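What follows is a short report on a single structure.
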Amino acid sequence: MSNDNCLFCKILDGEIPADLVYESDTAVAFRDINPQAPTHVLVIPRKHIATINDIEADDEAIIGSLYSAAREIASREGIAKAGYRAVMNCNEGAGQSVFHIHLHVLGGRPLSWPPG
Ligand code: AMP
């Protein structure tokens, strides 16, 4: 399930350190190394899935678990009531730079819409 060339698989395997904030059977979350908001956490599946386009029907429970993680993290970070964004970029044109899907959970400041 893990991909030898994937940065986030290396974080899952403990080869690269990360500031972990959440773990479940299917998902792990850690603080973004280059935060764009006071809270900027990345939620990833333990299963290597490169992009949204690679999600399979059997992955639906895994994908749901990413949002359950986002909800829990937002609560812990104290941003649930004020509001936060949970967003996933797909492919280079949308800004994806790490090809292991991840939900960006951003909050702690006003967030404008639409994003650039
Ligand atoms: P994206 O551009 O949507 O693929 O998001 C990738 C995110 O991963 C960026 O926000 C990066 O700052 C973040 N990132 C890259 N390397 C690391 C790392 N080693 N630990 C934590 N976050 C990282």
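Just so you know, ligand 1 is whichever comes first in the structure, and atom 1 is the first atom listed for that ligand. If you're wondering where the values come from, they're calculated on a predicted model, not measured in any experiment.
At a heavy-atom distance under 4.0 Å, only side-chain atoms of H104, from C-beta outward, approach ligand 1. At a heavy-atom distance under 4.0 Å, no atom of M88 approaches ligand 1. Here F8 has side-chain heavy atoms under 4.0 Å from ligand 1, and that is the only part of it that gets that close.
Heavy-atom proximity to N34, at under 4.0 Å, picks out these atoms of ligand 1: 12 (O). Atoms of ligand 1 found under 4.0 Å from any heavy atom of R31 (numbered from 1 in listed order, with element): 21 (C). Those atoms of ligand 1 that come under 4.0 Å of a heavy atom in V98, given as number and element, are 4 (O), 6 (C).
Between H104 and R85 there is no side-chain heavy-atom pair separated by less than 4.5 Å. The shortest side-chain heavy-atom distance between L42 and F8 falls under the 4.5 Å cut-off.
If you check which protein heavy atom lies closest to atom 2 (O) of ligand 1, you get G95 O, 2.7 Å. Protein heavy atom at the shortest distance from atom 6 (C) of ligand 1 is H102 NE2, 3.4 Å. Looking only at protein heavy atoms, the nearest one to atom 4 (O) of ligand 1 is S97 N, 2.7 Å. Among protein heavy atoms, atom 16 (N) of ligand 1 sits closest to L7 CD2, 3.3 Å.
Note that CD1 of I16 is 9.5 Å distant from CZ of F30, once rounded to the nearest 0.5 Å. Taken from OG1 in T26 to CD1 in I44, the straight-line distance is 11.0 Å, to the nearest 0.5 Å. K47 NZ to I62 CD1: the interatomic distance, rounded to the nearest 0.5 Å, is 5.5 Å.
Listed for the R76 side chain is a donor-acceptor partner under 3.5 Å among the backbone atoms of V21. R46 places no side-chain N or O within donor-acceptor distance of the main-chain N or O of S2, the cut-off being under 3.5 Å. With hydrogens and angles disregarded, no donor-acceptor distance shorter than 3.5 Å links the side chain of Q96 to the backbone of I101.
An N or O contact shorter than 3.5 Å is missing between L42 and ligand 1 by distance. An N or O contact shorter than 3.5 Å links I33 to ligand 1 by distance.
Closest to atom 7 (C) of ligand 1 by heavy atom, among D19, D32, V41, N89, is D32.
Ring centroid separation for the pair H100 and H102 does not come in under the 6.0 Å cut-off.
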